[in-house]
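Here is the naming used below: chain letters follow the sequence lines, and residue numbers restart at 1 for every chain. A quick note: this is a predicted structure, and the numbers were derived from the prediction, not measured.
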Protein chains: 2
Amino acid sequence: MLTIGQLAAYAGVTVRAVRHYHQIGLLPEPDRDASGYRRYGTAAVLSLIKIRTLAAAGVPLSHIRRMLEADPAAFAEAVRKIDDDLRDEIERLETSRRQIAQLAAGDSLALPPEVAHYLDRLRALGVSDVMVQGERDGWILIAARWPDRVHEWIPAKLAELEDPQVSGLYRLLSEIFDSDTGDDDPRLVEVADIMAGFADRALAAGQTDFDEAAQDDLPFDLMDALAVEADPRVRRLQALMRKRGWARWTRFDRVPEKPG
Amino acid sequence: MLTIGQLAAYAGVTVRAVRHYHQIGLLPEPDRDASGYRRYGTAAVLSLIKIRTLAAAGVPLSHIRRMLEADPAAFAEAVRKIDDDLRDEIERLETSRRQIAQLAAGDSLALPPEVAHYLDRLRALGVSDVMVQGERDGWILIAARWPDRVHEWIPAKLAELEDPQVSGLYRLLSEIFDSDTGDDDPRLVEVADIMAGFADRALAAGQTDFDEAAQDDLPFDLMDALAVEADPRVRRLQALMRKRGWARWTRFDRVPEKPG
DNA sequence: GCTTGACCCTGACGCAGCGTCAGGGCTCCA
DNA sequence: TGGAGCCCTGACGCTGCGTCAGGGTCAAGC
């Protein structure tokens with residue numbers, strides 16, 4: 001006859017676990033000896049080993065109870081379900097691991113790798129760190145809203161960067177935001193003119209690279225707010241754009257709003 | 001400005017989760033509007049998306065807090081550790097899954113597949129179901145004690161079964177246990193003579209197939225008890241073996257005890 | 001102006017599977 | 001005879017929220 005400590009050691013579990021199994025009725029309470037100690041026989045050892053085996057495989061204790069008293073067919077069925085759950089869980093963890101791996105580089109926290117590449121390209125074109133960080137935050141908002149569509153949009157954005165006018169615009173914005181001027185900086189008007197030009201041309205070409213998904217205004221509202229928080233002169237830019245017939249600021253070079 | 005519901009929906013978490021993050025200080029409490037509702041800005045959206053990304057990867061919330069305020073080097077280090085943990089966890093689950101797969105067949109619950117094969121061989125030799133089940137339970141005890149060594153011992157046991165005397169002994173035992181005789185069944189003496197013969201020969205040949213590991217008596221004590229519980233006539237067999245100089249019953253054909 | 005439904009608030013308990021005291025008794029060995 | 005190392009019960013703690021309970025608020029339609 002074994003004590004609870006010997007039983008637990010034999011089965012490779014803790015004493016506390018055995019008592020827990022008693023408490024929830026998974027393992028029957030054995031008889032006590034003269035001093036009130038629990039004493040276990042072989043049946044308990046075998047049961048406990050089976051319980052440990054299933055529990056180690058991640059089977060919930062409530063299922064284990066049912067499995068141990070089930071007939072072979074029901075048992076096999078339960079095993080199949082557990083195996084399916086395990087497969088799903090492994091898959092989930094592997095997905096997490098891939099995301100975590102990308103996350104190692106600072107930029108890609110919560111961002112797919114294509115976006116990180118796009119940000120690198122911006123940096124290479126001479127866009128300032130502050131602006132790249134703003135772009136990154138914007139893409140985090142986009143990726144959270146349309147995680148599956150980012151990989152469609154990024155190539156178009158990368159292609160746009162090949163246009164010297166576009167990259168020039170980004171650099172010009174960088175310079176403005178890096179400088180300490182006020183709302184009266186004349187370069188703001190210059191920027192608005194360029195941007196309105198892009199937007200007009202895109203509209204004429206029927207170009208809608210953020211397409212129907214962009215019906216949802218919220219992400220763009222947030223991005224506008226983000227931009228204003230990053231630099232208050234953006235508010236002036238928004239006003240200038242409105243005067244030129246464009247409602248939002250962040251969406252201007254993505255999907256044109258109907259002028260008005 | 002977003003309400004808590006809008007914020008949660010945007011980040012893909014529940015409202016309750018957001019409130020929980022406030023409670024543990026992971027996400028700062030925002031300002032309230034006139035009616036006491038929480039109102040969130042873009043910073044909260046970005047934070048929450050990052051938190052969700054890390055949490056979905058299984059990072060404990062307590063770590064997330066530290067990570068979000070860590071410098072890039074410490075962050076990268078933390079990410080590496082998380083990745084290691086994920087790898088270990090995946091490994092563990094895959095091991096579980098392999099065990100679970102074996103467990104689909106009734107016999108192999110808590111048993112390695114070689115043992116299941118050994119049990120099948122016993123059945124094929126005409127050993128009764130009851131005896132095979134007894135053997136199975138014995139091997140569960142063995143496998144729990146020396147999980148790494150079972151695969152060394154099983155081939156020797158399989159080889160022994162090739163000896164017609166051994167398989168004959170198993171069948172004889174099967175017949176006895178299947179019949180309804182008492183302690184005076186003369187076949188018990190026959191069995192004891194055969195077993196003692198095996199034990200003597202094994203001792204002479206210096207054969208110790210359970211070797212030093214078997215210093216630990218407990219598993220064999222349990223197996224003896226198991227056998228007695230399965231059939232009380234085993235007690236008679238034990239007595240007969242003792243008269244022939246062998247202390248235990250279940251270990252007789254595994255490692256010979258020093259006669260005494 | 002009033003209702004209705006969908007939000008929001010705080011506070012509190014529940015869940016799984018034990019770990020970990022606290023405060024006591026038993027046993028065995030030197 | 002004393003101390004180490006077992007055993008006992010009872011109770012709280014941990015994670016990451018889900019889920020009431022018992023309220024107030026807001027926007028829309030009547």
In whole angstrom, give the distance that lies between atom [atom1] of [X] and atom [atom2] of [N].
X        : N       : atom1 : atom2 : value
Leu2(A)  : dC7(D)  : CG    : P     : 11 Å
Asp33(B) : dA27(D) : CG    : C1'   : 15 Å
His22(A) : dC18(C) : NE2   : C1'   : 14 Å
Leu27(B) : dC17(D) : CG    : P     : 13 Å
Leu48(A) : dG17(C) : CG    : P     : 15 Å
Leu26(A) : dG17(C) : CG    : P     : 10 Å

*Among the nucleotides dC17(D), dG17(C), dC18(C), which one has an atom lying closest to any side-chain atom of Thr14(A)?*
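From the listed options, dC18(C) comes nearest.
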Under a 4.0 Å threshold between the charged nitrogen and the carboxylate oxygen, would [Y] count as salt-bridged to [X]?
X        : Y        : result
Asp83(A) : Arg87(A) : no
Glu94(A) : Arg97(A) : no
Asp85(B) : Lys81(B) : yes

*Can you pull the side-chain hydrogen bond (donor to acceptor under 3.5 Å, both in side chains) pairs that have at least one residue in residues 63-73 of chain B, sequence neighbours excluded?*
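Every side-chain hydrogen bond (donor to acceptor under 3.5 Å, both in side chains) pair that includes a residue of residues 63-73 of chain B, provided the two are not neighbours, is His63(B)-Arg66(B).
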*Who pairs with Glu91(A) by side chain to side chain contact (heavy atoms under 4.5 Å, CB included), at least two apart in sequence or on another chain?*
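Side chain to side chain contact (heavy atoms under 4.5 Å, CB included) check on Glu91(A) returns nothing, list empty.
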*Which letters describe nucleotides 1-15 of chain C, given B = protein heavy atom under 4.0 Å from base, S = only from sugar-phosphate, - = neither?*
------BSSB-B---
*Name the orientation class of the two ring planes belonging to Trp139(B) and Tyr118(B) (parallel below 30°, tilted from 30 to 60°, perpendicular beyond 60°).*
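Perpendicular, since the angle between the ring planes exceeds 60°.
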